[in-house]
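Okay, so here's the structure we're looking at.
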Amino acid sequence: MNDYVARVICNLQRQYPYEPEYLQAVQLWLELIGPAADDPQYEKLDLITRMVEPERLFAFPVSWVDDQGQVHTNHGYRVQFSSAIGPYKGGLRFHPGVNPSVVKFLGFEQTYKNALTGLPIGGAAGGADFDPHGKSSREIMRFCHNFMRALYRYIGADTDVPAGDIGVGAREIGYLYGEYKRLTGRAESSALTGKGLTYGGSQVRLEAAGFGTVYFLARMLECSGDSLEGKTIAASGFGNMTCGVCRKAAELGAKVVTLSGPDGYVYDPDGVCTEEKFQFLTGLRAGGQDKVEPYAQKFGAQFFPGRKPWEVPVDIAVPCATQNEVDVADAAKLLTNGTKYYIEASNMPSTPEAIRLMRMHPGLKMSLSRASGSGGVVLSALEMAQNSIRDNWTQEEMERRLQATMVKIYDQSAQAAAQYGLGDDLVAGSAIASFQKIAQAKLAQGV
Ligand code: GLU
């Protein structure tokens with residue numbers, strides 16, 4: 001890391017001492033781009049600062065009325081991180097843990113993830129510290145409407161295009177889009193993605209994030225002279241992303257043997273690979289209890305309360321739940337058990353220390369979420385493309401385009417690693433490829 005980059009980090013630490021998630025993400029990324037940032041003109045143009053700070057951040061209160069007539073106030077945010085290569089684009093998260101640090105970290109990650117897709121989308125993130133668990137549909141609707149009242153003037157098809165994330169699915173996007181349409185008087189379908197199929201949404205939406213990760217993984221295995229056939233996979237979570245991983249892995253001959261929730265993890269040696277199991281997971285998630293134990297009871301699998309799935313010996317680990325769920329101790333267990341591939345699906349599930357430890361291990365091939373976790377946003381960009389030509393693509397067409405883009409993301413990351421003599425270090429390769437893309441756009445557009 002050169003002096004200029006080290007100074008950028010110090011300045012950020014001084015400016016944002018209470019934003020650990022954001023600082024952590026930026027610091028790790030700067031470490032990874034290493035040699036690619038070593039160009040004297042970058043210091044002259046202060047390019048690195050301009051690439052790691054958001055262009056704009058909105059914070060707004062969202063008051064709403066519950067079913068008993070009580071008024072509550074939550075905190076809403078939207079970070080418009082980078083418009084260097086297209087309109088701001090990224091999810092909305094409704095979760096009690098949302099705060100300025102989390103949305104800035106998500107916006108930062110989204111910017112570099114989106115750049116790597118090769119599609120013309122900038123980066124953004126947002127959400128609120130609203131907890132949808134235990135709320136009625138009417139309460140969720142009122143919250144979404146009021147959230148959109150605060151946000152609608154700052155978004156739009158060519159400005160900023162929100163989508164879902166944790167706690168925001170098709171139902172919430174429907175309410176948000178309905179209110180946007182009412183407020184603006186425009187049926188501007190690509191102002192939001194993740195819409196329902198009847199009003200501009202796309203096929204493969206629910207499975208896209210999980211499918212994308214497995215397509216990426218399949219390409220990685222192919223390029224390593226290996227295949228998915230007969231492999232065992234430990235996955236975390238039990239929502240759409242995890243379910244998508246289970247489905248696509250099963251289709252390609254591998255089996256997912258673990259699922260997890262805040263209550264613990266399930267070990268199912270037969271694999272989560274039948275339609276009955278997929279349907280059960282969908283019902284479990286919709287039930288809103290946030291517990292995975294009922295799966296173990298239903299299918300006679302083992303349940304380990306309060307523990308994480310990373311202790312199970314498998315060929316491949318795919319974290320699909322939330323940030324920092326894999327710490328150094330978990331990473332050490334994966335390495336001791338001889339895991340060969342570590343592929344992130346959700347946003348930044350591993351702590352920086354866990355990443356540093358795993359990267360030192362030559363026997364492990366790994367990829368961070370900005371590369372292998374981009375299935376969701378790739379599908380969003382396809383939804384925008386479909387909306388702009390007033391068309392509806394078929395399931396096969398969407399899957400074909402999603403797969404082709406995931407393969408491209410892998411290849412670009414591998415090429416960037418090779419270009420800097422980093423062997424098959426895909427973690428650094430994907431950081432460098434996305435850095436180069438945005439740096440070029442910023443240089444071309446001037447200060
Ligand atoms: N939150 C999702 C992601 O992490 C979706 C972003 C989008 O589709 O805009 O990529």
Side-chain angles (χ1 to χ4, degrees), residues 21 25 77-83 85-95 97-98 102-128 151 155-170 172-173 176-177 189-195 200-213 215-216 237 239-242 244-245 319-323 344-349 367-387 398 401-402 405-406 409 430 434:
E21 289 86 356
Y77 305 93
R78 184 73 178 165
V79 178
Q80 297 184 334
F81 210 100
S82 173
S83 58
I85 58 174
Y88 303 110
K89 178 86 197 86
L92 295 172
R93 180 175 290 190
F94 291 169
H95 186 273
V98 167
V102 168
V103 279
K104 276 168 74 173
F105 131 68
L106 289 171
F108 175 79
E109 279 300 308
Q110 196 77 50
T111 297
Y112 293 94
K113 177 192 266 192
N114 292 2
L116 204 54
T117 64
L119 301 165
I121 41 176
L151 194 66
I155 65 169
D158 295 316
T159 319
D160 179 359
V161 183
D165 196 271
I166 295 172
V168 178
E172 290 73 19
I173 293 291
L176 290 162
Y177 180 66
S189 48
S190 42
L192 283 145
T193 61
K195 300 179 293 295
S202 62
Q203 301 285 346
V204 204
R205 177 79 245 169
L206 294 182
E207 304 86 356
F211 279 16
T213 300
Y215 286 138
F216 184 96
N240 289 335
M241 187 183 279
T242 314
V245 169
C320 304
T322 189
Q323 69 258 23
E344 292 185 352
S346 53
N347 272 316
M348 219 173 168
S367 163
L368 301 190
S369 53
R370 79 169 58 93
S372 41
S374 29
V377 78
V378 167
L379 201 90
S380 279
L382 294 174
E383 183 176 332
M384 288 163 75
Q386 178 192 266
N387 292 155
M398 276 295 176
R401 288 175 184 259
L402 174 62
T405 310
M406 297 309 297
I409 293 171
S430 58
S434 60

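All ligand and atom numbering here is 1-based and tracks the order in the structure.
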Under 30°, 30 to 60°, or over 60°: which ring-plane class applies to F108 and Y112, parallel, tilted or perpendicular?
tilted
So, regarding G164 and ligand 1 (criterion: nitrogen or oxygen to nitrogen or oxygen, under 3.5 Å), is there a contact or not?
yes
As a test of understanding, state which of Q386, K89, E383 forms a side chain to side chain donor-acceptor pair (under 3.5 Å) with T193.
K89
If you measure from each non-hydrogen atom of K113 to ligand 1, which part falls under 4.0 Å: side chain, backbone, both or neither?
side chain
side-chain contact (heavy atoms from CB on, under 4.5 Å) for C320 and V245? Distances and angles first, verdict last.
CA-CA 9 Å; C320 304; V245 169; 4.0 Å; yes
Below the 3.5 angstrom mark, is there an N/O of R205, backbone or side chain, next to an N/O of ligand 1?
no
Do side-chain atoms of E344 reach the backbone of S369 as a donor and acceptor pair under 3.5 angstrom?
yes
Which protein non-hydrogen atom lies closest to atom 8 (O) of ligand 1, naming both residue and atom, and how far is it?
S380 OG, 2.5 Å
Within-4.5 Å side-chain heavy-atom neighbours: P162 and L176:
no
With backbone taken as N, CA, C and O and side chain as the heavy atoms from C-beta onward, which portion of N347 lies under 4.0 Å from ligand 1: side chain, backbone, both, or neither?
side chain
Which of Q323, K113, R370 passes side chain to side chain donor-acceptor pair (under 3.5 Å) with N347? Answer is K113
Are Q110 and ligand 1 in contact, using a heavy-atom cut-off of under 4.0 Å?
yes
Using a 4.0 Å cut-off to any heavy atom of A163, which atoms of ligand 1 qualify?
7 (C), 8 (O), 9 (O)
Considering non-hydrogen atoms of the protein only, which is the closest contact for atom 9 (O) of ligand 1, and what is the distance?
K89 NZ, 2.7 Å
Any donor and acceptor pair, going by atom type alone, linking the side chain of S82 with main-chain N or O of G123 inside 3.5 Å?
no
Shortest protein contact, atom 1 (N) of ligand 1 (heavy atom only):
D165 OD2, 2.7 Å
